[in-house]
*Asks:* 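I have a structure here, written as C-alpha cells, and I will follow up with some questions on it.
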2 protein chains.
Amino acid sequence: MSKKIRIKDVAAAAGVSSALVSYVLNARHVDRINKDTAKKITEIAKDLGYYPNQIAKSLKTRKTYTIGLMLGDIVNPFSHQIARIIEDEAKCYDYAVIAGSCDEDHERSKKLMETFVNRQVDGFIIVAASDTENQLAYLEELDIPFVLIDRYFPEKNFDYIVIDNYQAAYTAVSHLIEKGYQKIALVNYETSLAHLKDRTLGYTQAIADSGRMHDEASICSLSMQDNPQETKNKIAQFIKNKNYDAIFAATNTLGIETLKQFNQLHIRVPDDAAFVCFDETDAVDLFYAKLTHIRQPMQAIGNLAVQRLIHKINHVYEPEPPYQVVLKSEFVINESSG
Amino acid sequence: MSKKIRIKDVAAAAGVSSALVSYVLNARHVDRINKDTAKKITEIAKDLGYYPNQIAKSLKTRKTYTIGLMLGDIVNPFSHQIARIIEDEAKCYDYAVIAGSCDEDHERSKKLMETFVNRQVDGFIIVAASDTENQLAYLEELDIPFVLIDRYFPEKNFDYIVIDNYQAAYTAVSHLIEKGYQKIALVNYETSLAHLKDRTLGYTQAIADSGRMHDEASICSLSMQDNPQETKNKIAQFIKNKNYDAIFAATNTLGIETLKQFNQLHIRVPDDAAFVCFDETDAVDLFYAKLTHIRQPMQAIGNLAVQRLIHKINHVYEPEPPYQVVLKSEFVINESSG
DNA sequence: CTGAAAGCGCTTACAG
DNA sequence: CTGAAAGCGCTTACAG
C-alpha cells in the first residue's frame, strides 16, 4: 500500500512549511512567493502524487463543492436526462453532484434534504415534490441556496427555471383541434403541483377557445400517490371506454403508459386515436408512429440552474430579487398526430 | 437565520462535555453513562435541532459513508436502473451514493476515479470501461475497496457480480434457431470487454451447434468509440442489406437503435425479421410487437454489490479470496420472435 | 460515570 | 518572502 500523502509530507520533502505548500497549490499570494520555491513545491507534490484531502479542506473552508440534486422520480427519463446535464455543467466549475429521489413523497423528500444538509452540500437543485414549500423555507432559514427546476410555487419567491407549461399544452391541444380531432382527451395527474395544473389549464383553455363544451369525461385523472399498477389500471380503464379520438398525455411516463395500453388493446395511432405527449424520450422514435411531442430545453434548464446556483453560493449573504425564468418549449410534429 | 448548532452548543446547554454528547448521540459506552444524563442530552440535542457535521465526523473517523458509483454511460437504461437499486440499498446502511459516468472513455474514467478518491469515498462500485485494469489496480494499492458489476476482467482477481453472458446469448440464439429462423444476425460492439465477447461467443457457438456455417456477414460490429450518429449509420447500413431474417442485439442501446431503424425502413417485426435483445427496458412494451429479451437480475446485482462492498469497507485489512459471482439471467419470450 | 486534551488534514490571519 | 499557530467540528484514548 502506498500510504496517502498529506500536505505535511510534501512540506517536509520540500523543506518548507505546510502553509507555503497550501499557498502554492491553491495559487494564493502568487505575487509574493519565490518562483523557484513555488516550482519546487509543485514538482515535489506531483512526484509524491499528492492530492489534497477534500474532507479536511471542506471542514476548514466550509465549502464542499457539492450540489445536492433532489429528483421527483429517478426512473423518469426527464430525471436522468437533466441529471446528466447538471452533472456535466457542474463539473465545469469543479462541483460534484449528489443526487437522490424523493419518489414524489413528502417524507422521503424531507429525509433526503436532511441527509444532504448534514453532508454539507453547498446548495440544492430541486425538482420539488408537492406541498414541500415548508421544506424549502427551512433551507432559506439555514441560508442554504437552492434553485427549483421543472416545478415551481407561484405564491413563493423561490428561484426557479421552468417552461411555460400552459403555453406548451395550449399549443399541443390547438394542434390536435386544427387537425380536426373532435374528442380530445387529457391524461394527467390530479395534484397541487402548479406546473401540472398549468398543463391542464392549457388543455381546457384550448378546448374552450375552439368553442367546444368542456367534458369532464375527457379527462383521465391519476394520483401521484398511486402505485404503478393502479395507474396502469386506471389508464387502461379510460382507454377502453374509447371516448376520444385523440389523447394528450401531460407527462412522459403517463404518455408511455398510455401507448403501452394502446398496444395491448390494438388501438392504432393515429388511425384510431391521435397522440401527443410531453418530452423527447426514446419512445418518440421507437413507437411505430413517430410521436408528436413537446420538447423541453433540457440543456438550458440544467445549465442555467447550475450557473444560478453557483452564483448564489458565492454570494450567500447578498440578497437579490428572485430569479424566475420561464423558458419556451418546442413543439415537434410527427406522425402520431398525422 | 438559525445558526447551525454544534456539539459544543449542545454540551453547553446540557452542562456537560462535548465528549459525553458525542458518546450519547453515537450510542458509545451506553452501559457506563448515566441514564438520566443521556436522556437529557438526547432531548436537548433534539430541541436545538442538532445534526452532526458529517464533514468533521468524516475527517476524524476517516469514513465518509459514501460510495462512488462509476457508470459506463449514464443514459443507458441499465445504468439508471442499477443506480436506483444501489442508492436504495446503500441507504439501508446509511451510505450515500455519488455517481458519475465515464462515457466509456479511459481518460474520463481516470479523472472520475481521482475525483472520488479525493472526496474520500469509502469504496467503489464500478461498471468498468475497457482497458481500465490498471486504474483498478491503483485502487487496490490505495487499499480502497471496490466491486465490479456487469463487466469483469477474466485475468484478474477483482471482485465482481455479473451474469452468465455466454449462456444468455446462447439461449437467445438457440431460441431463434428453434423458431426456424435461417439467417440470424448479431449486432454487437467490437471491444476488449469480456462480457460482450462472451455474448458474441454464445451467439457463434449456438450457430455452430445448429450445424450451420459461420458467416462473417451476419455480424454487425460497432465501436464504442463511435459517436451516436456513426453508430446509427452503421446499423442502418447493415439493416438495409436485409441479409438476415432475425437479429440478436447484444446490448439494450444497440437494440433500441436497431428497432428505430426498422421503423424507419418499414421492416416489420417479426414478419420481416425477428428480434431479440438484452435488458428489460420501456422498449419491451412500447414496441408494437412485445420484445423477446434477456432479463438481468438487476435487484440481485445491485444488492449484492452494495452488501459485498460494505463488508469489504468494514474489513479492509483482512484479505479474503475474491468474490466472483455469476448470476443467471431470465429469458422472456414475447411476440418479436414469434 | 465524566471531562480535558489531542488530533484528523487542511487554511489563513498574523508576525516577522 | 516564509513560518508558527490557531481553528474548522468532530471522536477517542486516557485519566480520574
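Residue numbering restarts at 1 for every chain, and letters A, B, ... go by the order of the sequence lines.
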*Asks:* Hey, which sits more toward the 5' end of DNA chain C by its nearest nucleotide, A/Pro52 or B/Ser17?
*Replies:*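 Per heavy-atom nearest nucleotide, the more 5' residue is B/Ser17.
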
*Asks:* For a quick check of understanding: with a heavy-atom distance under 4.0 Å over all strands, which category does B/Leu59 fall into, base, sugar-phosphate or nothing?
*Replies:*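 Result for B/Leu59 = base.
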
*Asks:* Could a donor-acceptor pair under 3.5 angstrom be found where the side chain of B/Lys8 meets the base of D/dG9?
*Replies:* no

*Asks:* Please tabulate, for side-chain N and O atoms in residues 151-158 of chain A, each donor-acceptor pair with protein atoms closer than 3.5 Å (sequence neighbours left out).
*Replies:*
| from | atom 1 | to | atom 2 | distance (Å) |
| --- | --- | --- | --- | --- |
| A/Arg151 | NH1 | A/Glu104 | OE1 | 2.9 |
| A/Arg151 | NH1 | A/Ala128 | O | 2.9 |
| A/Arg151 | NH2 | A/Glu104 | OE2 | 2.9 |
| A/Tyr152 | OH | A/Asp198 | OD2 | 2.5 |

*Asks:* Between D/dC10 atom P and A/Asn118 atom CG, what is the distance in whole Å?
*Replies:*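 Computing the A/Asn118:CG to D/dC10:P distance gives 10 Å.
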
*Asks:* Closest-nucleotide mapping onto DNA chain D: is B/Arg6 or A/Gly15 further toward the 5' terminus? I mean the 5' end.
*Replies:* A/Gly15

*Asks:* Output the single nucleotide from D/dG9, D/dC14, D/dT2 whose closest atom is nearest the side chain of B/Tyr23.
*Replies:*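 For the B/Tyr23 side chain, the nearest candidate turns out to be D/dC14.
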
*Asks:* Categorize B/Thr61 for me: base, sugar-phosphate, or nothing, with a 4.0 angstrom heavy-atom threshold over every strand shown.
*Replies:* sugar-phosphate

*Asks:* Heavy atoms under 4.0 Å, any strand shown: does B/Asp31 hit a base, just sugar-phosphate, or nothing?
*Replies:* sugar-phosphate

*Asks:* Enumerate the residue pairs fulfilling salt bridge (Lys or Arg N to Asp or Glu O under 4.0 Å) with a member in residues 6-15 of chain A, sequence neighbours excluded, ordered by first and then second residue.
*Replies:*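 Qualifying pairs: A/Arg6-A/Asp9.
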
*Asks:* Of the options D/dT11, C/dG9, C/dA13, whose atoms approach the side-chain atoms of B/Arg62 most closely?
*Replies:*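 Side chain of B/Arg62 sits closest to C/dG9.
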
*Asks:* Ignoring the backbone of A/Ile7, work out which of C/dG7, C/dG3, C/dT11 is nearest its side chain.
*Replies:* C/dT11

*Asks:* Suppose the criterion is salt bridge (Lys or Arg N to Asp or Glu O under 4.0 Å): which pairs have a residue in residues 298-313 of chain B, not counting sequence neighbours?
*Replies:* B/Asp159-B/Arg308, B/Asp159-B/Lys312, B/Arg308-B/Glu320

*Asks:* Output every pair passing ring pair (Phe, Tyr, Trp, His ring centres under 6.0 Å) with a member in residues 60-105 of chain B, not counting sequence neighbours, ordered by first then second residue.
*Replies:* A/His80-B/His80, B/Tyr65-B/Tyr95

*Asks:* Hey, does the side chain of B/Lys57 come within less than 4.0 Å of D/dT11's phosphate (OP1/OP2), counting only N and O?
*Replies:*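 Yes, such a contact exists.
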
*Asks:* Within this structure, what is the OH-to-P distance between A/Tyr65 and C/dT11, rounded to whole angstrom?
*Replies:* 11 Å

*Asks:* Taking any heavy-atom pair under 4.0 Å as a contact, classify A/Thr37: base, sugar-phosphate, or nothing.
*Replies:* sugar-phosphate

*Asks:* Please check the phosphate of D/dG9 (OP1 and OP2 only) for any side-chain N or O of B/Tyr50 closer than 4.0 Å.
*Replies:*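 Checking B/Tyr50 against D/dG9: no side-chain N or O falls below 4.0 Å of OP1 or OP2.
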
*Asks:* Listed by chain and number, what are the side-chain contact (heavy atoms from CB on, under 4.5 Å) partners of A/Tyr51, not counting sequence neighbours?
*Replies:* A/Lys4, B/Glu114, B/Asn118

*Asks:* Decide, yes or no, whether a salt bridge links A/Lys40 with A/Asp36 under the criterion of side-chain N to carboxylate O below 4.0 Å.
*Replies:*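 No salt bridge links A/Lys40 with A/Asp36.
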
*Asks:* In terms of side-chain heavy atoms of A/Asn53, which of C/dG9, D/dG3, C/dA5 is nearest?
*Replies:* C/dG9

*Asks:* Can a side chain N or O of B/Arg28 be found less than 4.0 Å away from OP1 or OP2 on D/dT12?
*Replies:* yes

*Asks:* D/dC1 P sits how many Å from A/His29 NE2, rounded?
*Replies:*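 To the nearest whole Å, that distance equals 13 Å.
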
*Asks:* How would DNA chain C look in dot-bracket form, 5' to 3', counting Watson-Crick and G-U wobble pairs with both distances under 3.5 Å and writing | for bases paired to another strand?
*Replies:* |||.||||||||.|||

*Asks:* Strictly below 4.0 Å, N to O, side chains only: are A/Arg84 and B/Asp103 in salt-bridge contact?
*Replies:*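 Looking at A/Arg84 and B/Asp103, the cut-off is met.
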
